[in-house]
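Here the structure is laid out as structure tokens; the discussion comes afterwards.
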Protein chains: 2
Amino acid sequence: MSSEKRALTERKKQILKAIVDAHIEGGEPIGSKYVLKNQQLNCSSATVRNEMAELEEMGYLEQPHASAGRVPSELGYRFYVDSLIERYAMTTNEIAQINALLKAKMGELDQILLAASNLASSMTNYTGIAIKPRVNSVLIGTFEAIYLEPDHYILVAVDSDGNVKSKHLRTDAPILTQVSLAKLTRVLNTHLTGLSAEQITLPLMMKIEAEMGSDSSLVNDVIKVIYDLLNEPDNGEMRISGIDRLLQYPEYSDVSQLQELLGTLEKKEDILNLVSQSENEDISVVIGSESQVKVMNNSALVFKPIVKDGKTLGAIGVLGPRRMDYAKVLATLEGLSGNISNIIHANKQLNGGEPDGGK
Amino acid sequence: MSSEKRALTERKKQILKAIVDAHIEGGEPIGSKYVLKNQQLNCSSATVRNEMAELEEMGYLEQPHASAGRVPSELGYRFYVDSLIERYAMTTNEIAQINALLKAKMGELDQILLAASNLASSMTNYTGIAIKPRVNSVLIGTFEAIYLEPDHYILVAVDSDGNVKSKHLRTDAPILTQVSLAKLTRVLNTHLTGLSAEQITLPLMMKIEAEMGSDSSLVNDVIKVIYDLLNEPDNGEMRISGIDRLLQYPEYSDVSQLQELLGTLEKKEDILNLVSQSENEDISVVIGSESQVKVMNNSALVFKPIVKDGKTLGAIGVLGPRRMDYAKVLATLEGLSGNISNIIHANKQLNGGEPDGGK
DNA sequence: TTTAGCACTCGGTTTGTTTGAGTGCTAAAC
DNA sequence: GTTTAGCACTCAAACAAACCGAGTGCTAAA
């Protein structure tokens with residue numbers, strides 16, 4: 001009644017912050033007395049109670065049941081994350097840990113992401129998530145055909161992002177030679193480099209076939225494979241680490257809730273969508289039912305895209321109870337993503353292997 | 001006392017089987033009356049009780065507490081799996097399901113395994129596991145260096161099993177040309193093909209360097225990468241699907257137990273060891289603490305290696321409570337592995353991509 | 001507007017009771 | 001010797017009553 005529904009008074013903010021902090025810490029509802037004890041407030045518990053009642057009316061707090069303390073609502077958490085949070089400063093120790101562990105894994109982006117998600121999980125004590133988002137428009141890069149046996153060769157394709165994919169191929173008639181494969185390589189590179197998968201047309205294929213002369217029988221198979229390689233497999237990927245940590249938190253001791261959450265993680269789709277759709281390069285905090293993902297009602301997902309040259313290569317994230325230690329999680333993800341960027345940019349050998357190979 | 005500790009009488013077998021079956025079904029301890037009801041036995045519950053007491057003495061049954069029914073012991077399950085089990089016959093419907101779903105995924109072994117583990121999970125309603133075991137002795141196969149930019153190229157290496165691995169490389173001095181890379185390719189293939197990683201010696205490296213002439217500066221980097229590629233990354237991989245299913249079973253409603261189990265799954269090491277060490281091509285059933293993996297006390301792991309040309313390419317398995325429906329699980333894994341073998345053998349494009357890319 | 005005081009609420013815990021499935025044992029029957 | 005019927009006993013699970021206490025809302029005074 002003091003504040004006319006608009007902004008929160010300083011005291012309200014202080015009380016809200018105290019409640020969120022305390023609830024993150026302990027997971028229990030917070031009462032007026034407790035707030036008073038741990039905060040520097042020049043008023044009595046009764047006043048705090050009044051304030052709390054108002055905060056509840058405004059939607060920032062809620063009461064699990066009539067005679068219990070207050071718990072932050074979704075809106076409360078949102079406000080907390082957006083304006084109240086004090087950024088957690090990582091200790092030099094933690095920074096060193098990140099550096100050491102990530103450096104050891106440098107090489108494949110996949111491995112880096114996975115390692116980062118593991119780290120995120122163990123540092124924050126929530127569940128870590130490593131994500132390779134869906135990508136939709138890759139251009140064809142370079143090809144190379146590798147001879148193995150007279151009827152058996154490997155086609156290696158590099159896309160415009162430098163991802164390497166490969167496929168074994170066999171011919172019906174054993175006509176392969178190193179020479180014919182070299183020709184194949186040359187012709188493919190001449191005609192296909194720079195195109196998108198959709199730009200491979202029948203006339204183009206026929207032109208290629210014509211140019212291959214006596215080895216034209218190879219072309220049909222090859223094109224199909226190329227199409228497959230560039231198009232189909234990249235539906236994104238997601239790896240989870242530290243699910244066991246969820247169990248520490250009493251909010252997941254309800255088996256049915258936990259089961260639902262695990263089911264969502266299992267499907268991967270929802271979360272993958274969520275992350276793939278995010279346009280922001282910054283850290284996103286998705287609290288409970290803010291997202292389309294219904295199940296995560298008392299959970300929160302924090303993730304940070306890993307961007308290079310304007311392209312989103314992946315994301316690392318953390319999943320945990322709604323009362324997550326946001327300050328620490330944000331700092332950790334920030335730190336990790338910084339390090340990943342460093343590694344990706346600075347290193348000589350980067351992004352090896354096939355980023356999609358493991359899917 | 002009737003049987004002198006050696007073999008089980010027919011009646012004892014019948015009773016044991018009845019108890020295991022019933023316990024698999026319901027998860028509760030089984031009493032003498034229940035056995036009598038559901039079995040064709042010409043005796044009274046008292047007799048059954050006597051028999052059960054003897055079976056307990058022999059170690060096949062145990063009592064959760066003094067006045068409860070009996071539950072099969074580890075030994076009991078072992079005996080059941082080894083001799084009592086009636087193989088479950090898959091319905092044609094189920095067989096068709098396997099075929100359809102696996103065919104759609106043909107291509108990468110990784111993908112097949114993953115799909116198979118998903119299938120195994122959904123068909124048995126336990127947790128599915130897809131495993132790529134550690135491999136220890138790979139020989140170097142073919143190389144190919146792909147030119148990208150004056151200071152940037154990709155090295156593609158194929159090992160003797162046909163696995164393709166790749167790595168991006170950059171040079172300090174931009175001296176790369178298509179020609180120099182072709183030379184590199186040729187020299188590497190000449191000297192390294194057929195060797196194991198351990199056989200790359202310093203003299204050999206120097207010889208290669210000499211042969212590369214003006215481009216010898218590439219050699220050092222390349223060799224290091226080769227070593228990495230062939231050696232380090234292959235610590236096996238393991239993917240889990242359907243963890244949420246575990247929660248259906250009351251044995252995992254104890255949070256601490258569940259947490260331990262998830263922790264073991266998380267580490268992956270133990271299970272990977274277990275599977276990698278198995279020399280058998282047949283289905284293995286690991287019940288509870290039979291294995292070194294301590295945690296799985298009330299769980300069982302059933303897995304079947306996927307073998308091609310005498311080489312173990314991977315394994316699919318199922319993890320669930322000790323009172324698992326072994327008949328169904330065995331049949332499912334048998335069926336799946338059969339189909340995988342078919343696909344792997346019959347198909348022209350096989351085992352593409354990097355089997356280890358996703359690690 | 002703040003504060004002190006007080007009655008009230010209500011989930012959680014403790015404690016006690018009941019219930020019933022299941023056993024082991026014994027003595028009689030086959 | 002084996003099987004059976006009967007009975008006393010055990011013990012976890014389910015239910016109920018009682019209690020506790022943190023926390024609230026409200027009122028009346030400061």
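Labels below follow one simple rule: chain letters A, B, ... track the order of the sequence lines, proteins then strands, and each chain is numbered from 1.
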Notebook entry, point to check: Rounding to a whole Å, what distance do you find between Tyr34(A):OH and dG21(D):C1'?
Noted result: 18 Å
Next item on the list: Would you check if Leu258(A) and Leu258(B) make a side-chain contact, meaning some heavy-atom pair closer than 4.5 Å?
Entry: yes
Next item on the list: From the options dT9(C), dT24(D), dA4(C), select the nucleotide whose nearest atom is closest to the side chain of Ala66(A).
Entry: dT9(C)
Notebook entry, point to check: What's the CG-C1' distance between Leu36(B) and dT3(D), to the nearest Å?
Noted result: 13 Å
Notebook entry, point to check: With respect to the side chain of Met52(B), which nucleotide from dT23(C), dC11(D), dT24(D) is positioned closest?
Noted result: dT23(C)
Check: Can you check whether Arg11(A) has a side-chain N or O nearer than 4.0 Å to OP1 or OP2 of dT1(C)?
Finding: no
Checklist line | Backbone N/O of Tyr126(A) and side chain of Ser121(A): donor-acceptor pair under 3.5 Å | finding: yes
Next item on the list: Give one of base, sugar-phosphate or nothing for Ser45(B), where a contact means two heavy atoms less than 4.0 Å apart.
Entry: nothing
Notebook entry, point to check: So, is Ser67(A) close to the dG21(D) phosphate, meaning a side-chain N or O under 4.0 Å from OP1 or OP2?
Noted result: no
Next item on the list: Using atom CG of Asn50(A) as one end and atom C1' of dT2(C) as the other, report the distance to the nearest whole Å.
Entry: 9 Å
Next item on the list: For dT2(D), give its Watson-Crick or G-U wobble partner with both distances under 3.5 Å, or none.
Entry: dA29(C)
Notebook entry, point to check: Are any non-hydrogen side-chain atoms of Ile85(A) and Leu330(A) less than 4.5 angstrom apart?
Noted result: yes
Margin query: Looking at dT3(C), I'd like to know if its phosphate oxygens (OP1 or OP2) sit under 4.0 Å from a side-chain N or O belonging to Arg49(A).
Written below: no
Next item on the list: Write down the distance between CG (Leu41(B)) and P (dT2(D)), rounded to a whole number of angstrom.
Entry: 17 Å
Margin query: As a test of reading the structure: which of dG24(C), dA4(C), dC11(D) is closest to the side chain of Ser44(A), going by heavy atoms?
Written below: dA4(C)
Check: Nearest-Å distance, CD1 (Ile15(B)) to P (dG22(C))?
Finding: 15 Å
Note to self: Is Thr47(B) close enough to dT4(D) that one of its side-chain N or O atoms is under 4.0 Å from OP1 or OP2 there?
What the structure shows: yes
Item checked: Nucleotide forming a Watson-Crick or wobble pair with dA28(D), both distances under 3.5 Å -> dT3(C)
Margin query: Measuring centre to centre across the rings, with the benzene-like ring taken for any Trp, is Tyr80(A) within less than 6.0 Å of Tyr60(A)?
Written below: no
Notebook entry, point to check: Can you check the Lys33(A) NZ to dC6(C) C1' distance for me, whole Å?
Noted result: 13 Å
Next item on the list: Starting from P on dA21(C), measure out to CD on Glu28(B) and report it in whole angstrom.
Entry: 13 Å
Checklist line | Phosphate OP1/OP2 of dG24(C): any Arg70(B) side-chain N/O under 4.0 Å | finding: yes
Next item on the list: Return yes if some donor-acceptor pair links the side-chain N/O of Glu266(B) with the main-chain N/O of Ile243(A) below 3.5 Å, else return no.
Entry: yes
Next item on the list: Check the distance between dT2(D)'s C1' and Asn42(B)'s CG and give it to me in whole angstrom.
Entry: 14 Å
